[in-house]
Structures are given as structure tokens and as C-alpha cells.
Amino acid sequence: MKILGIESSCDETAASVVENGRTVKSNVIASSLEEHKLYGGVVPEIASRRHAESISAVVKEALLQAECSVKDIDAVAVTYAPGLIGSLLVGVNFAKGLACAAGKPLVPVHHLRAHIASNYLTSDLEPPFLCLIVSGGHSHIVGVNGYTDYIIIGRTRDDAAGEALDKAGRVMGLPYPGGISIDKISPGGNAEKYSFTHPKIDGAPYDFSFSGLKTAVINIVHNASQKGEELNIADLAASFQKNVVECLVNNFEKAAVNSEYGKAALAGGVSANSLLRAESKKMCARHGLSLYLPELKYCGDNAAMTASQGYYEYLSGTEAGYSLNAYATMPIDNVIF
Ligand code: KG4
Ligand code: ZN
């Protein structure tokens, strides 16, 4: 079964054809990232304009590279939540038009479920497993009990890990996205130079909080500039990254030890982080758990993961009508459409 996936939740316009949820036939991405760099973050209006301009060509190219036409597609899967509403609407409306014109089923896909599915594209991973989802907008520890069955074990109380890394990178004067910049310069810095307090949330041992760490790094930068002191940015980046990764892996470890999953996976843009990947490997080795990591090309936003999850959603009977709407927020474990 061939699924055409369409993704436009943030600043990537993406389309992909995936066979039987696992075999990627094409994976096309047009990004407006370079333009957003000028502003130090994603400008929603620019992102939706660029989606509208490029979606037609991106979908055409995905079909071309997969050597098929829309007639050969079994269903159109589209990210409908969560994300930037103006961006999501471009993909949703395009998918609705295409599904209607071609007489194909329309399958709504939750973006975080799709990030989890990025693991299905390069390994034989099957539920049940434990997943740490870390992206620009979300940080969750989720039990993936089935392809469309999830239980939230932990979540962030404030900023997502990616958001904290991006804001910290910005205050350090690094190019957007800060998460990638911090990952790049950290190996050249001393990660022990600065220490940060790890937040503890009473009664919620698996929940995260990153706003305190973010504020601490902002204060370090502001204090130094007020005193006219020059900071070693590589030291600060390395220390900050180390602490963010410790917070993530500590809770992931607690959740893994206190559950019976036996298999663990990472997902989301921040899962490309080299320290997070290395520390997760060590943690899983300590406890005899199998660790699954998405290939780097599937960590960030792409439509192959949307098509993969779309396949499993379709098999479970998920199909939307042409009244399908987009939603800026939506829980992973209880979707409506
Ligand atoms: O999943 P994603 O592409 O978009 C959302 O759904 O949010 O995640 C984007 C986030 C950004 O915060 C970016 O800084 C972060 O992923 N990111 C990284 C790395 N690559 C991307 N963070 C740390 N290290 C990386 N190598
Ligand atoms: Zn994403």
C-alpha cells in the first residue's frame, strides 16, 4: 500500500511516498529556514506564504521521484495538528483538494505520532516501546503501546527542550536554530564550566521544566555584558547542552526502569543531538534496553514519517471527511479531527 504524506506544520513544506509504512520511495523537503534565520526564529506569516508557494511543486516532485502518479496512491495522509495554524492549513487544504479530486481516502496525522514513526523508516521497531519525543514545541516521555495507542508518562511543564536550546543559542549570539548551533560548538567547550540547578517537580518524577535553565543562561550572558566581561561561548553552550541532556536522560531512565517496555526510542528534531544520542545509548546499555534512533535525515520535520504514521492510522480505520480542520494544539493520546 502506497501512502502520500504531506507535512507543513512549521517551516518545512514536505511530501513523500512510503510503501507499507516502512519503505521510503521519495522524500522531498522545501524549507524556508534561511529566511527565518534573519529574524532569529520562525515567522509564522512567512512560513505559511512559502508553504502556499511551494506545496504544489513539492507534492509533484515526491510523486515523480517515487515513479508514480496520484492514481497509484492508496491514501493521502496529512499533518493536521499540532503546529503553526497558518502553516498546517496550507497542507490540510492541499491534501483535501487532492484527495477529493483523485477520489482517495484522507488520513489525518498527529505530528508527534509522525515523529515517533520516523523510527519505523530505518529499523524493524514495533510497539510496545518507550519513546522520548523532543522537538521545538514538545518534550514528552510516551509509552507507545500500539501504532495508534499512546500513554503520556512525562511532559514539559513550560518550554520544550528544543525551544530552550533555541532561545539559549539566540542569547549566546549563535545562528538559528540554536539547538543545531549548540550541538556544533559544544565539543570545543568545557561542559563543566557552568553548573545549572536541575528542576524537580513534586509528585511528577517524569515531567520536565526547562524555563529555569533558560533563564539561568540568559542571566549569565546579561551579567557578563553588564560587567563588560567576554564569555567563552563554547564553554557556556557545552555546559547548557550537558544539563539539558542530563534532565532529559535522567527522566527517560527513571521511566524506563519503572516500566516494562524493554525497548526505547528517541524522536523529534532534538533527537539529532549528538550528546543526547550518546547519553541515551549509555543509559540503555546500563539497563539492557534496546535503543532505537531515527536516522538523522528523519529527525527533523519531513513527510516520510507522516506517510508512515498515515499507513498505520489508515489500517486502524482513521479517515477524515473534507471538513477536516487544522489545530494548533492536540494531545497525542486523545486525538479528535
Ligand atoms: O521536530 P522539529 O524539526 O520541529 C518541531 O516539530 O518542533 O524540531 C526542531 C527543533 C529545534 O528546536 C532545533 O533547534 C532542534 O530541533 N534541533 C536540535 C538539533 N537539530 C535540531 N537540537 C539539538 N541538537 C541538534 N543537532
Ligand atoms: Zn516536528
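- Judged as a salt bridge (Lys or Arg N to Asp or Glu O under 4.0 Å), the pairs with a partner in residues 210-233 (not counting sequence neighbours) are, in order, D159-K214.
- Under the 3.5 Å distance criterion, the side-chain polar atoms of N302 are matched with a main-chain donor or acceptor of G300.
- Listed by chain and residue number, nothing satisfies the salt bridge (Lys or Arg N to Asp or Glu O under 4.0 Å) test with E12 (two or more places apart in sequence, or in another chain).
- Ion pairing between K167 and E163 holds under the 4.0 Å rule for side-chain N and carboxylate O.
- Taking the side chain as every heavy atom from C-beta outward, Y298 and N27 approach each other to under 4.5 Å.
- In this structure, Y312 has its ring center under 6.0 Å from that of Y120.
- The backbone N or O of T122 lies less than 3.5 Å from no partner atom in the side chain of R22, so there is not a single donor-acceptor pair.
- Contact check for T306 versus H111: no side-chain heavy atoms found under the 4.5 Å cut-off.
- Closest approach of L174 to S181, counting heavy atoms only: CB-CB, 3.8 Å.
- Scanning both residues, V107 and G310, for their nearest heavy atoms gives CG1-O, 3.7 Å.
- Take A204 and apply the side-chain contact (heavy atoms from CB on, under 4.5 Å) test, not counting sequence neighbours, and it matches R157, I201, D207.
- Within the structure, every pair that satisfies the side chain to side chain donor-acceptor pair (under 3.5 Å) test and touches residues 70-79, not counting sequence neighbours, is listed here: E7-T79.
- For residues 172-194, the salt bridge (Lys or Arg N to Asp or Glu O under 4.0 Å) pairs, not counting sequence neighbours, are E192-K242, K193-D235.
- Take E61 and apply the salt bridge (Lys or Arg N to Asp or Glu O under 4.0 Å) test, not counting sequence neighbours, and it matches no residue.
- S87 approaches S8 most closely through the heavy-atom pair O-OG, 2.7 Å.
- Using modelled atom types, no side-chain atom of H140 and backbone atom of R155 make a donor-acceptor pair closer than 3.5 Å.
- Between F210 and F208, a ring centre-to-centre spacing shorter than 6.0 Å is recorded.
- Of the possible polar contacts, none joining the S308 side chain to the A304 backbone as a donor-acceptor pair under 3.5 Å is found.
- With hydrogens and angles ignored, the 3.5 Å screen pairs no side-chain donor or acceptor of H36 with any backbone N or O of P44.
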N/O donor to acceptor pairs below 3.5 angstrom from side-chain atoms of residues 126-135, sequence neighbours left out:
{"from": "S135", "atom 1": "OG", "to": "G137", "atom 2": "N", "distance (Å)": "3.3"}
{"from": "S135", "atom 1": "OG", "to": "H138", "atom 2": "N", "distance (Å)": "3.2"}

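- Using a 4.5 Å heavy-atom threshold, the side chains of I185 and M172 count as separate.
- Residues that satisfy the side chain to side chain donor-acceptor pair (under 3.5 Å) test with S239, not counting sequence neighbours, are absent from this structure.
- Taking a 6.0 Å sphere around CZ of R49, one finds it holds 12 or fewer heavy atoms contributed by other residues, nucleotides or ligands.
- Here the side chains of R170 and D166 are not in contact, with every heavy-atom distance at 4.5 Å or above.
- Residues satisfying the ring-ring contact (aromatic ring centres under 6.0 Å, His included) test with Y261, not counting sequence neighbours, are none.
- Residue L106 belongs to a hydrophobic cluster whose other members are L4, I6, V17, I55, V59, L63, V70, I73, V76, V78, Y80, V90, V92, F94, L98, Y322, L324, Y327, M330, V335, I336, F337, with links defined by side-chain heavy atoms closer than 4.5 Å.
- The two residues C10 and A47 have their closest heavy-atom pair at O-CB, 3.6 Å.
- With contacts defined as side-chain heavy-atom distances shorter than 4.5 Å, the pair Y150/L112 does not qualify.
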Determine, step by step, whether V171 and H222 satisfy the side-chain contact (heavy atoms from CB on, under 4.5 Å) criterion, reporting the C-alpha distance in whole Å, the side-chain angles of both residues, the deciding distance to 0.1 Å, and the verdict.
CA-CA 9 Å; V171 78; H222 286 175; 4.1 Å; yes
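- The side-chain heavy atoms of P108 and T318, taken from C-beta on, include a pair separated by under 4.5 Å.
- Under a 4.5 Å side-chain heavy-atom criterion applied to ILVMFWY residues, the cluster that includes V28 comprises V58 as well.
- A side-chain N or O of D158 and one of S209 form a donor-acceptor pair less than 3.5 Å apart.
- For S26 (side chain) and S16 (main-chain N/O), no donor-acceptor pair under 3.5 Å exists by modelled atom type.
- Side chain of D333 to backbone of I151: no donor-acceptor contact under 3.5 angstrom is found.
- The hydrophobic cluster containing I85 also includes L89, under a criterion of side-chain heavy atoms closer than 4.5 Å among ILVMFWY residues, counted directly or through chains of members.
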